[in-house]
Amino acid sequence: MRMEQIKDNMQILEIKDIRKSFETKVLDGVSLEVNSGDVVAILGPSGSGKTTLLRCINFLETADSGTMIFDGKTYDLAHASKKEIAEIRKKTGFVFQNYNLFRNKTALENVMLGLTTAHGLSKNEAEKIGKEMLVRVGMEDKMNYYPSQLSGGQQQRVAIARALAPNPKIIYFDEPTSALDPELIGEVLSVMRQLAIEGMTMIVVTHEMDFAKNVSNKVVFMEKGVIVEQGLSNEVFENPKQERTKEFLRLEENRTLGKG
Amino acid sequence: MGSELWELFVDSFWKILLPGLKMTIPLTVLAFSFAMIIAVIVAMINYANVPFLKPITRFYIWIIRGTPLIVQLMIGYFGLNNIGIKIDAFPAAVLVFSLNEGAYCAETMRAALEAVPHGQLEAGYCVGMNYLQIMWHIVLPQAFRTAFPPLSNSLIGMVKDTSLAANITVTEMFFAAQRIAGRTYKFMLLYLEVALIYLIFSTILTWIQGYGEKKLNAYGANKG
Ligand SMILES: Nc1ncnc2c1ncn2[C@@H]1O[C@H](COP(=O)(O)OP(=O)(O)O)[C@@H](O)[C@H]1O
Ligand SMILES: [Mg+2]
């Protein structure tokens, strides 16, 4: 599936020993390496800390401890400065489970806003990029629609365009299709598959086993705040080493079969 | 209605409406504009939990909401002049109405700010915006839409409340009506007449409110 020649195997992101507790331990020493062009699928049962992991590495939550090397610079996840956080966020995109499009802005304005405010682009430049991005996700027809006038799948595609707009080094997806009606999942996944083919680096928390198996090149299986198993996608799916991974994959397969 | 009464009605209509145009409307427009500025600042201080300033704003709201408007007006005009702070009736009324309305509208705005889902802020942070940019481009506009109907109601309420300014010698509509009534002894006619004029003002504002709400809803409803 993936165009191997695009990958240059440069490390873009490394997370070392991230820890986070709310009432209980939610992340209990998670480490992860991501190369440029990787598509990393994070799997795991609900409550295993997947969302918290993504939120901590984009500072929506503050980790208790941990280090992050991103784009060649080292950051303390627990004590990053405002300036460092801003710097990181300008080079990353985030796609939420429930889209979180700006409700008072049209599709095009949603894509433009970060460019004109955070990235200092002129309105014209931002509009040009905004339209390009909406074309990439197949939403150029609806660029003047407000979020409330769009279906969930369309909103999520706009949200992907918004994340893509500043040409980030990596995009984090937190269950991008979980809030969608089944018939709308395909359009979002196909946009994401296209991004993968184009070489975009992505970490995708997902329950879509087909996506994890066929689009992502790496798989991380999390449970109870730790990584139980990680490896190349085909290896983990064809030959899982841990008992828990086998069980989880079996359950997911049944779930998918049950749905179909 | 006898022709004398009718003549008095017609004659006094303009004598009441004129101070309405010259006093009631400027008083309302000025005071409500200042009130909105106060409301937004106070609401944002509360929403963002700004240290030191927040207790001050809570104290201000506590005082305003806990005391009658008529007493505030008396303090703002007779009280201030009494302790040597020279202030005319009209600016005193603007001052008191601004502070009074500002406190109530601040609470309306705060509730509207808090009703904006947290995910909207998070999305703003994720595209690299800072807090003030997010407030300006995302949270405040959405909060204004939510607050528009209750704020319009406050404005309509305030037009009626300006009649209290007659108590501090502001020659607005009610003051004019009282003066004619005192001279002619036609209390029922004059008070009904001034009531009618207030009703016309409120009705026009209600129409504008309805139009504004329709306009806002056309801009993609505030959901989803
Ligand atoms: N803000 C929070 N406050 C308290 N507990 C939280 C918070 N966020 C997540 N948790 C808890 O952390 C655990 C992991 O949550 P989460 O990262 O959302 O898991 P996942 O995304 O894998 O389903 C859950 O038990 C959840 O209840
Ligand atoms: Mg989650």
Side-chain angles (χ1 to χ4, degrees), chain A residues 54-55 58-61 82-83 85-107 109-121 126 142 144-152 154-155 158-159 161-166 168 171-172 174 179, chain B residues 36 39-40 43-44 47-51 108-152 209 211-224:
Chain A
L54 289 190
R55 290 173 62 84
N58 215 15
F59 301 93
L60 292 176
E61 238 35 280
K82 272 198 170 160
K83 207 174 140 231
I85 293 173
E87 178 179 283
I88 292 165
R89 282 179 177 153
K90 282 181 198 176
K91 292 193 256 179
T92 58
F94 202 103
V95 175
F96 297 87
Q97 185 170 347
N98 57 352
Y99 343 121
N100 282 341
L101 288 185
F102 305 130
R103 304 192 299 186
N104 57 322
K105 302 278 173 195
T106 62
E109 289 167 344
N110 261 276
V111 184
M112 288 169 58
L113 188 58
L115 299 175
T116 52
T117 56
H119 295 270
L121 264 62
K142 300 267 160 82
N144 293 322
Y145 283 51
Y146 284 87
S148 60
Q149 299 167 309
L150 300 174
S151 74
Q154 292 171 332
Q155 288 187 59
V158 174
R162 179 175 70 179
L164 274 173
I171 303 182
Y172 307 124
D174 186 13
Chain B
M36 288 316 297
V40 170
M44 280 183 67
Y47 177 77
N49 260 319
V50 182
T108 306
M109 267 315 284
R110 183 173 68 111
L113 286 170
E114 280 164 4
V116 175
H118 197 62
Q120 295 285 304
L121 278 124
E122 293 191 339
Y125 284 128
C126 284
V127 299
M129 297 165 82
N130 63 36
Y131 184 76
L132 286 178
Q133 290 171 332
I134 294 171
M135 286 308 287
W136 181 250
H137 292 283
I138 299 162
V139 179
L140 274 174
Q142 291 185 25
F144 262 115
R145 183 171 297 180
T146 313
F148 184 79
L151 289 179
S152 311
Q209 176 185 5
Y211 176 78
E213 277 174 37
K214 229 184 257 161
K215 199 93 190 169
L216 285 175
N217 285 337
Y219 271 106
N222 201 0
K223 58 180 167 54

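Model, not experiment: these values are computed from the prediction. Letters A, B, ... are given to chains in the order of the sequence lines, protein chains preceding strands, and every chain is numbered from 1.
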The single option from L140(B), V139(B), V50(B) passing side-chain contact (heavy atoms from CB on, under 4.5 Å) against M44(B): L140(B)

Segment of E122(B) engaging chain A (4.5 angstrom heavy-atom cut-off): both

Part of K105(A) lying under 4.5 Å from any heavy atom of chain B: side chain

Side chain, backbone, both or neither of F102(A) within contact of chain B (heavy atoms, under 4.5 Å): both

Heavy-atom pairs under 4.5 Å with chain A, option from G124(B), C126(B), P117(B) with the top count: C126(B)

Heavy-atom side-chain proximity of F94(A) to Y125(B) below 4.5 angstrom: no

Which of V95(A), T117(A), L113(A) touches chain B most, by non-hydrogen pairs under 4.5 Å: T117(A)

Backbone N/O of L150(A) and side chain of Q155(A): donor-acceptor pair under 3.5 Å: yes

Axial cation check for Y145(A) ring with K142(A), 6.0 Å and 45° limits: yes

Any donor-acceptor N or O pair under 3.5 Å, side chains Q97(A), D174(A): no

